[in-house]
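Okay, so here's the structure we're looking at.
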Amino acid sequence: MKWLISFLTSSLGKKVVMSLTGLFLCSFLLVHMIGNLKLFADSDGHKFNEYAEFMAHNPLIKSVSYGLYFFILLHAFQGFLIYFTNRAAVGGGKRYSGKQVSPTEARIASRNMAALGTLILAFLLLHMGQFWLKAKIIGLADGVTLFDEVKIAFSQEWVVIAYLLGLVALSLHLLHGFQSAFQTLGLTHPKYTPLVKMLGYAFSILVPLGFASMPVYFYVMHING
Amino acid sequence: MKKLDAKIPPGPINEKWTKYRSTMPLVAPHNKIRMEVIVVGTGLAGASAAATLGELGYNVKCFTFHDSPRRAHSIAAQGGINAAKNYRNDGDSVYRLFYDTIKGGDYRAREANVYRLAEVSGNIIDQCVAQGVPFAREYGGLLDTRSFGGTQVQRTFYAAGQTGQQLLLGAYSALSRQISLGTVKMYNRHEMLDLVTIDGKARGIIARNLVSGKLERYGAHAVVLATGGYGNVYYLSTNAMGSNVSAAWQVHRRGAYFANPCFCQIHPTCIPVSGDYQSKLTLMSESLRNDGRVWVPKHIEDVEAIKTGKLKPENLAEDRRDYYLERIYPAFGNLVPRDVASRAAKNICDLGHGVGSSGLAVYLDFSSNMKRYGKSVATSKGKENASDAEIMTWGREVVKNKYGNLFEMYEKITGEDPYVTPMRIYPAIHYTMGGLWVDYNLETSIPGLFATGESNFSDHGANRLGASALMQGLADGYFVLPYTIGTFLAHEISTPKIDTNAPEFAAAENDVTIRINKLLSIKGNRSVESFHRELGVKIMWEYCGMARNEAGLLKARDLVRKLREEYWTNVNVPGTADEFNPELEKALRVADFIELAELMIVDALTRNESCGGHFREEYQEEGGETKRDDENYGYVAAWEFTGVGVDPQLHKEELVYENIKIALRNYK
Amino acid sequence: MAHEEINLTLQVWRQEGPKKSGKFETHVVRINTHMSFLEMLDVLNEQLNQQKKQPVAFEHDCREGICGSCSLVINGRPHGPMQGTTTCQLHMRHFNDGDTIWIEPYRAKAFPIIKDLVVDRSAFDRIIQAGGYVSVNTGGVPDGNAIPIELNTAKRAFEAATCIGCGACVAACPNASAMLFTSAKVSQLALLPQGRPESKQRVLNMISVMDKEGFGLCSNIGACEAECPKGISLENIALMNREYISANFASRRVPTK
């Protein structure tokens with residue numbers, strides 16, 4: 001197994017772990033987003049609550065969810081590790097005093113993956129504190145469904161703003177991360193890479209938009225009574 | 001006085017090398033491990049020699065003043081490398097390459113060496129391909145070749161306009177492999193400043209660690225110099241800024257003969273000088289003459305009109321252009337050898353037809369061939385009625401594929417688009433055929449000291465053909481020296497490891513220290529650079545350049561002597577000896593250039609004939625062709641150092657032509 | 001072509017040695033716009049020489065864009081503002097009268113500063129020594145035309161092989177990663193049939209040394225490609241990743257170390 005350890009600790013191995021976990025998390029995002037669209041299925045949240053119930057108790061889903069937590073932590077931890085390795089490689093501190101803009105300066109997402117990742121992690125903590133913690137650990141108050149919790153949460157202005165900011169960060173993170181994962185895995189080809197890139201852009205915009213529709217919808221509903 | 005013995009093996013020319021190689025003394029593997037060899041320089045000749053010696057089992061120490069072996073100036077060679085492969089079935093052969101090289105060199109090269117060079121040329125291509133050198137290929141996947149000057153076959157292999165880079169990186173990779181295997185110990189940023197001889201044999205060097213400034217001693221059973229040419233004596237040349245003569249000059253001072261120093265190659269196609277701030281000249285590959293046609297305006301009024309901007313050269317009518325190379329040399333046309341093309345450019349400019357602000361440039365025009373290529377593309381596309389603009393666009397693409405990087409380079413430097421306006425070119429110093437005298441074994445007149453590549457004088461006579469320098473560097477390094485060094489080392493197997501505490505090392509180190517301290521202590525008023533510029537531009541190029549005459553050379557000798565005196569009393573070298581000090585490095589090199597310059601002038605004065613790159617105005621045929629004097633000057637002039645400012649001692653190696661009938665060079 | 005004289009203010013990084021601290025020094029030069037950037041520095045050094053001051057140390061050799069010696073970060077960009085251009089081929093006509101130009105050394109942990117603008121790039125040599133070659137000895141090789149190579153493959157290999165080892169990719173990369181440099185050599189030799197037999201071992205060894213030298217990790221930003229004076233493509237990095245993954249997972253080789 002020495003070869004596997006040496007692979008996982010090499011610079012490229014670390015990047016491969018980042019891209020694989022990243023892609024797995026992408027697939028989770030998609031499932032999570034589609035599932036949550038059940039919020040719009042009916043006005044009393046019956047279907048959504050049913051779905052939440054199923055997700056919480058299906059043993060297969062449960063075991064996959066442990067994998068998910070692990071991969072989120074791995075992706076984040078590895079990300080921080082890489083960030084500090086890279087800071088050290090640059091020599092730390094301010095690098096160049098000359099001020100001309102380089103042609104890739106505009107690639108804000110690419111250049112700030114660690115910062116965006118941190119934002120997303122912060123958002124994730126907020127999100128999990130609001131729903132996952134209540135539903136799974138503390139337990140919901142009697143007679144209060146998850147759907148009710150959603151409605152309450154998204155009636156608060158600051159929560160909606162926080163969610164939108166978190167989703168913008170997610171979108172930017174995905175814009176670079178999606179296609180970058182394919183590059184890291186060596187999955188490039190002059191014929192297919194343009195397709196992968198297009199798919200990546202679509203994914204990075206549509207998935208966060210899908211998520212954003214939920215707080216916005218409930219907030220608007222709340223304001224309009 | 002030592003007798004010059006070239007040690008040419010007996011027998012018919014086509015058997016000499018094979019037979020010699022099979023009978024020369026060898027060093028057994030268990031002895032090779034104990035044999036230490038120093039290789040100075042990591043260009044094509046040095047890197048290939050160090051790598052091959054390492055593979056053979058010798059214990060090699062390799063030195064370069066660069067930060068990495070990959071920076072050596074071989075990397076800048078553009079056009080290609082010759083090899084007698086006859087892949088094109090156009091009648092090429094070892095003999096033809098041999099003949100072309102001897103003739104191209106104006107019958108001043110040693111037959112046996114040149115034949116051996118032609119013999120191993122094919123092996124070089126095989127070797128480089130095996131190393132992963134990405135040569136240009138044809139659609140079928142086989143190697144492509146093109147034409148070069150002075151030949152009528154297509155034997156030049158190439159990798160776009162970066163052949164030297166690809167070959168050097170190949171040799172560098174072979175060297176890197178030996179470094180990783182521990183057979184070669186690499187010393188980057190170390191400059192050789194002196195040779196150590198013990199009992200008359202080369203036994204080591206004194207090198208300066210350029211980062212710490214410390215002088216270090218290195219011992220070995222034999223020393224190989226692969227330190228390149230001395231074209232930078234002219235200040236402005238196509239050489240790299242760091243290219244220098246110092247290692248060769250120091251061994252010359254220690255007793256190695258310097259041969260034919262006045263044989264310098266002036267390359268016809270360089271970007272002209274644009275101002276007196278200029279630090280170097282940039283070559284435009286000879287391969288451009290495959291598709292570029294050289295011309296100047298036929299009428300002086302057109303020259304004026306172009307100069308004042310009233311007329312654009314691309315708009316000058318065909319019948320008002322003088323394609324002078326095609327006119328004078330119909331058989332070879334634009335592909336005459338370099339010395340011929342250079343001189344023709346100078347002559348036509350002297351007649352007032354030169355273009356550009358200085359009047360010292362001719363045009364290299366691609367439009368006819370772009371049109372021809374464009375038409376052929378049109379035919380293959382089945383577009384018989386294509387417009388002129390379409391044809392030119394397609395033709396432009398073809399030319400771009402062949403020479404794109406060179407065109408870009410031209411545009412970056414001059415700010416002009418060579419696809420539209422013809423390139424302006426003028427001759428510039430490019431290569432030095434002269435160098436350390438070596439025998440058939442590539443051994444100098446100091447036993448145990450070998451010289452390879454451009455640093456020796458051996459294969460190109462008075463003029464080198466295009467794409468032959470890469471061939472010679474690699475031939476020497478891969479296929480000749482690794483064998484011939486055995487003829488010396490086979491007798492050294494009982495010599496113990498060289499002790500660098502020997503008094504000879506201390507003495508040599510002391511000499512270097514004195515020289516360095518002297519330079520640093522002058523604290524005069526002129527920079528090293530200003531002396532170098534004066535030496536090169538004001539003296540050497542003026543009086544010992546493309547055309548030389550007795551009066552000019554005598555004057556130049558006087559000027560060089562005065563300059564040397566001023567140098568040693570008025571140069572300013574900032575900084576100290578014990579630090580990274582590029583100014584001190586330069587100062588040591590320029591000091592050697594000044595001494596070399598005088599030797600070149602003496603050699604040019606002594607050679608009362610014109611041949612190849614050496615053109616004495618007193619000796620010319622009608623029409624300005626060189627007038628050789630085979631009877632009196634059919635020899636190699638090998639000079640022995642007798643002291644600074646003292647007349648050197650001439651030794652002659654008579655050149656015997658047994659296989660080629662010596663004749664007037666004719667490219668008409 | 002107008003030969004115009006312009007005045008420039010230079011902010012040049014000066015640092016006496018690797019362990020010394022450095023600072024910017026301000027100089028004013030009057031130069032001709034037809035000069036190259038390095039000729040402009042020659043003018044500065046001649047000026048310093050006249051004032052009996054220490055000239056600025058910078059690396060340069062061929063001055064025709066191929067040796068890879070010249071470096072410099074000019075106004076925050078390796079090799080300055082022009083794409084596909086080395087510092088030595090950058091001409092002053094791209095600057096204007098009165099401009100201030102910031103001139104700094106490459107900055108990366110793996111490229112320690114030796115003096116002023118000169119850095120130590122020997123880490124690149126060590127990466128090549130780890131496997132950037134085909135293990136053939138001199139002699140005994142097949143004929144050059146024994147193995148035909150598809151034109152497009154030969155072209156890709158050539159394009160990767162045009163890397164000049166200048167280090168601009170490391171200087172440009174926000175992570176100081178050497179992936180573009182390393183991948184150029186890995187790709188060249190992986191594409192050619194001559195390099196295939198040892199391609200797996202090569203990529204493992206080269207990456208391992210690259211990591212040890214202290215370069216950063218690749219984030220696929222593309223700054224290296226954009227600043228590379230020879231236009232080496234990111235595609236090489238993908239190819240190297242592919243090679244590396246397959247060398248680890250698809251090869252039967254079990255490491256002994």
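Values below: all heavy atoms of this structure, side chains included; hydrogens, waters and symmetry mates excluded. In what follows, chains carry the letters A, B, and so on, assigned in the order in which the sequence lines appear, proteins first and then strands, with residues in each chain numbered from 1.
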Contact winner vs chain C - [options], heavy-atom pairs under 4.5 Å:
options: Pro582(B), Ala136(B), Ala159(B), Ala83(B); result: Ala159(B)
options: Val573(B), Val133(B), Asp67(B); result: Asp67(B)
options: Leu143(B), Ile125(B), Asn581(B); result: Leu143(B)
options: Asn405(B), Ile75(B), Asp126(B); result: Asp126(B)

Any side-chain to backbone donor/acceptor pair from [X] onto [Y]? Under 3.5 Å, distance only.
X: Arg137(B); Y: Leu151(C); result: no
X: Gln89(C); Y: Met409(B); result: no
X: Gln127(B); Y: Asn137(C); result: yes
X: Arg70(B); Y: Asp125(C); result: no
X: Arg71(B); Y: Gly68(C); result: yes

* Check Arg63(C), His60(C), Glu39(C) against Lys280(B) for a side-chain contact (heavy atoms from CB on, under 4.5 Å) and give me the one that passes. => Arg63(C)
What's the spacing between [X] [atom1] and [Y] [atom2] if we round to 0.5 Å?
X: Ser274(B); Y: Asn32(C); atom1: OG; atom2: CG; answer: 7.5 Å
X: Asn123(B); Y: Asp143(C); atom1: CG; atom2: CG; answer: 10.0 Å
X: Gln50(C); Y: Arg526(B); atom1: CD; atom2: CZ; answer: 10.0 Å
X: Asn49(C); Y: Ser530(B); atom1: CG; atom2: OG; answer: 8.0 Å
X: Tyr87(B); Y: Asn145(C); atom1: OH; atom2: CG; answer: 4.0 Å
X: Ser69(C); Y: His73(B); atom1: OG; atom2: NE2; answer: 10.5 Å

Between [X] and chain B, with a heavy-atom cut-off of 4.5 Å, which part of the residue counts as in contact: side chain, backbone, both or neither?
X: Val118(C); value: side chain
X: Asp61(C); value: both
X: Val119(C); value: backbone
X: Glu16(C); value: neither
X: Lys155(C); value: neither
X: Ser135(C); value: both
X: Leu90(C); value: neither

Min side-chain heavy-atom separation [X]-[Y] under 4.5 Å:
X: Ile149(C); Y: Phe135(B); answer: no
X: Gln166(B); Y: Thr162(C); answer: yes
X: Pro134(B); Y: Gln188(C); answer: yes

* Just checking, is any N or O donor in the side chain of Glu55(B) or Thr138(C) under 3.5 Å from an acceptor N or O on the other one? -> yes
* **Pair Glu64(C), Thr282(B): side-chain N/O donor-acceptor within cut-off below 3.5 Å** => no
* **Check ion pair Arg189(B)-Asp120(C) (N to O, under 4.0 angstrom)** => no
* Asked: Quick one: do Glu416(B) and Arg93(C) make a salt bridge, cutoff under 4.0 Å?
  -> no
* Choice from Gly132(C), Ala57(C), Gly165(C) maximising heavy atom contacts with chain B below 4.5 Å -> Gly165(C)
* **Max heavy-atom pair count under 4.5 Å with chain B, selected residue of Gly131(C), Pro18(C), Gly139(C), Gly140(C)** => Gly139(C)
Please determine whether the number of non-hydrogen atoms from other residues, nucleotides or ligands lying under 6.0 Å from atom [atom1] of [X] exceeds 12.
X: Lys307(B); atom1: NZ; value: yes
X: Arg156(C); atom1: CZ; value: no
X: Lys52(C); atom1: NZ; value: yes

